[in-house]
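Some notes on the structure that comes next.
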Amino acid sequence: MSCPIWETIGRGFVQEYYNQFDNTNRMGLGNLYPDNACLTWEGSPFQGKEAITGKLANLPFKRIKHIITEQDCQPTPDSCILVMVFGQLQVDDDPPMAFHQVFMLKCVQDAWVCTNDVFRLGIHNIPV
């Protein structure tokens with residue numbers, strides 16, 4: 001049984017995004033966002049392709065590896081694709097940490113780009 005097209009597109013985007021994030025100069029990630037895209041990174045907002053690229057390229061680590069545990073994709077009524085990713089990441093020699101990331105994908109000029117991106121580490125700073 002084949003996947004719905006939106007699932008194939010969403011999973012392909014996720015694979016490309018994390019491959020670029022982990023294995024290349026992160027400046028190239030800017031090509032996955034349109035000029036008017038939005039990123040919220042750990043609660044801090046970044047508006048526009050330039051600001052997003054700057055944030056991702058200047059994260060304070062040398063090495064990172066993402067391991068995707070699960071991803072869910074849904075079509076939206078306005079022909080976009082909503083993607084939720086759950087997994088672990090390891091930066092430099094730190095222990096692995098859980099993360100969650102949500103992407104809104106939209107087809108712009110025959111290419112799928114990320115218009116909205118929300119990232120959070122899966123840590124809890126709740127006083128006990």
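The basis for the numbers below is simple: all heavy atoms, side chains too, and nothing from hydrogens, waters or symmetry mates.
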According to side-chain hydrogen bond (donor to acceptor under 3.5 Å, both in side chains), does anything in residues 27-52 pair up with another residue at least two apart or in another chain? List the pairs. Y33-D117

State which residues pass salt bridge (charged side-chain N to carboxylate O under 4.0 Å, His left out) with R11; sequence neighbours excluded, sorted by chain then number. E7

Sequence neighbours excluded, which residues qualify as side-chain hydrogen bond (donor to acceptor under 3.5 Å, both in side chains) partners of E16? Q20

Between C73 and W6, which heavy-atom pair has the shortest distance, and what is it? O-CZ3, 2.9 Å

Are any non-hydrogen side-chain atoms of V83 and F13 less than 4.5 angstrom apart? no

What pairs with N19 under side-chain hydrogen bond (donor to acceptor under 3.5 Å, both in side chains), at least two apart in sequence or on another chain? N23

Residues passing the side-chain hydrogen bond (donor to acceptor under 3.5 Å, both in side chains) test with N25, sequence neighbours excluded, are none

Strictly by side-chain hydrogen bond (donor to acceptor under 3.5 Å, both in side chains), give each pair with a member in residues 82-94 just once, sequence neighbours left out. R63-D93

Scan for ring-ring contact (aromatic ring centres under 6.0 Å, His included) pairs involving residues 73-93, sequence neighbours excluded, and state none if there are none. F86-H100

D78: which residues meet the side-chain hydrogen bond (donor to acceptor under 3.5 Å, both in side chains) condition with it, sequence neighbours left out? T76

Other hydrophobic cluster members with V108, side-chain heavy atoms of Ile/Leu/Val/Met/Phe/Trp/Tyr under 4.5 Å, chained? V113

Residue pairs passing the ring-ring contact (aromatic ring centres under 6.0 Å, His included) test where at least one lies in residues 58-78, sequence neighbours excluded: Y18-H66, F21-H66, H66-F99

